[in-house]
Amino acid sequence: MLLTETVEKIKSMEIRGAGRIARAAVEALQEFACTLRVKDIDEFKGEMMKAASILETTRPTAVSLPNAIHYVMSGLSGDHEVEKARAALILRAETFIHDSTHAVERIGEIGARHIQNGDVILTHCNSEAALGCIITAHRAGKDISVIATEVRPRNQGLLTIRTLNDAGISTQYIVDSAARHFINEVDMVIVGADAVTVNGAVVNKIGTAPIALAAHEARTSFIVAAETYKFAPRTLFGELIQIEERNTNEVLPVPLQESLPHVRVRNPVFDVTPASYIDLIVTERGVFPPSLAYLIIREHLGWSIEEFHKTFEMDYRDQV
Ligand code: RUB
C-alpha cells in the first residue's frame with residue numbers, strides 16, 4: 001500500500017525535501033482514500049484521520065507536511081456521505097499537487113529575475129525551490145556559476161551537484177565549513193526552507209544559519225525560496241517549530257561511538273536563521289521581506305481570517 005511505503009520512505013529520507021515530502025504525503029492520502037472500503041462516513045473519516053496522523057509524524061520539522069495534510073483533510077468537514085467525502089478529498093489532493101508543482105515553477109521564474117549575469121550563487125542542501133531559481137536563470141541565458149556545499153551528514157549536496165551538472169551549470173563543490181572561506185566570492189546565497197515562522201525566521205538544513213551569518217557579515221544577499229505552504233500558521237499561536245534530531249549513527253558509526261563513552265554525538269537536522277539575516281523570501285505569490293511573514297500566513301495560505309483562527313486554534317482532527 002502506498003501509505004505504508006510512503007511513511008517508510010519519508011522516515012528513511014528516500015523521499016526528502018519539504019515540498020516533495022508534502023506532495024508524497026498527499027498522494028498517499030489520495031490513494032488511501034480511493035481504496036478505502038467502509039460501512040459509513042464515520043468510519044471513513046476515522047480511517048482517514050488515522051492515516052493523516054501517521055503521515056504527519058514521519059518528520060517533525062517540515063511545515064509543508066501538516067499544512068498539506070490539513071488542506072486535504074479539510075475537504076472532509078462538510079460531507080455526510082462517503083462518496084461525496086471521498087470525492088472532496090481526492091479533489092483537494094489533486095489541487096494541492098497541481099498548485100505545489102506550479103508554485104515551485106513560479107518561484108523559479110520570480111527568483112531567477114534576482115540573479116544577474118555573472119553571479120556566483122552559493123546554495124546549501126538540496127532544495128527544488130532554490131535550484132528552480134538557479135536553473136531558470138541559467139536557461140534564460142545568464143552566465144552564472146554555483147558553489148554547493150556537501151551537507152553533512154547525509155550529503156544532500158551530491159543530489160544538488162548532480163542536478164546542476166545535468167543542467168550544464170558550472171559548479172564548485174565544497175565542505176560545509178568552507179562556506180565562510182568562499183563567501184567573499186559569492187554574490188548571492190539562495191536556499192530553501194522547511195518552515196518560515198511568524199517572525200520571519202527560516203528553518204532549513206543544519207548549517208544554513210552560519211552561512212547566513214557569514215553572508216550578513218560580508219554584505220552578501222541571502223535569499224530564501226519558499227512556497228507559501230512552508231509558512232507555519234501555528235507559530236502565530238506560540239507553537240515552536242520542532243527541530244528534528246536524527247539517529248547519531250548518521251554522524252559516527254556505532255562501534256566508534258561505543259569506544260568513546262564520554263562523548264555524546266548530537267545530530268540536529270535543521271537550524272533557525274533569524275529574519276535579520278534574510279534579505280528576501282521568494283514565494284509563488286511574489287517576493288516578500290521576512291518581516292511580512294505574518295501577512296503571508298494570514299492572507300496567502302488560502303483561508304479566510306475567520307477560518308484561519310478557527311482552524312489553527314484547533315487541530316483538523318477536531319473539525320472533521
Ligand atoms: C531538506 C532541506 C531543504 C528544504 C527545502 O532537508 O533542508 O532545503 O526542505 O527543500 P532534508 P524544497 O534533506 O533533511 O529533507 O525546496 O525542495 O522543498
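Order of appearance sets the numbers: ligands from 1, and atoms from 1 within every ligand. Counting begins at 1 with the first residue of the sequence. None of the values given here were measured: they were computed from a predicted structure.
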Kindly print each ligand 1 N/O atom paired with any protein N/O atom under 3.5 angstrom away, one pair per line, or none if nothing qualifies.
residue	atom	partner	partner atom	Å
ligand 1	7 (O)	Asp194	OD1	3.0
ligand 1	7 (O)	Asn204	OD1	3.1
ligand 1	7 (O)	Lys205	N	3.3
ligand 1	8 (O)	Asn204	OD1	2.6
ligand 1	9 (O)	Ala18	N	2.8
ligand 1	9 (O)	Asp194	OD1	2.8
ligand 1	9 (O)	Asp194	OD2	3.4
ligand 1	13 (O)	Arg16	NE	2.5
ligand 1	13 (O)	Arg16	NH2	3.2
ligand 1	13 (O)	Gln156	NE2	2.8
ligand 1	14 (O)	Arg59	NH1	3.3
ligand 1	14 (O)	Arg59	NH2	2.9
ligand 1	14 (O)	Lys205	NZ	2.7
ligand 1	15 (O)	Gly17	N	3.0
ligand 1	15 (O)	Arg59	NH1	2.8
ligand 1	16 (O)	Ser127	OG	2.7
ligand 1	16 (O)	Glu128	N	3.3
ligand 1	16 (O)	Ala129	N	3.2
ligand 1	17 (O)	Glu128	N	2.8
ligand 1	18 (O)	Ala18	N	3.4
ligand 1	18 (O)	Gly19	N	2.8
ligand 1	18 (O)	Lys230	NZ	2.9

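A donor-acceptor pair under 3.5 Å is formed between the side chain of Lys142 and the backbone N or O of Ala112. With hydrogens and angles disregarded, no donor-acceptor distance shorter than 3.5 Å links the side chain of Thr171 to the backbone of Leu164.
Scanning for side chain to side chain donor-acceptor pair (under 3.5 Å) contacts around Thr273 gives an empty result, with sequence neighbours left out.
Under 3.5 Å, the side chains of Thr248 and Gln257 contain a donor-acceptor pair of N or O atoms. No side-chain donor from either of Glu245 and Asn267 sits under 3.5 Å from a side-chain acceptor of the other.
Using a 4.0 Å cut-off between charged nitrogen and carboxylate oxygen, Lys9 and Glu5 count as a salt-bridge pair.
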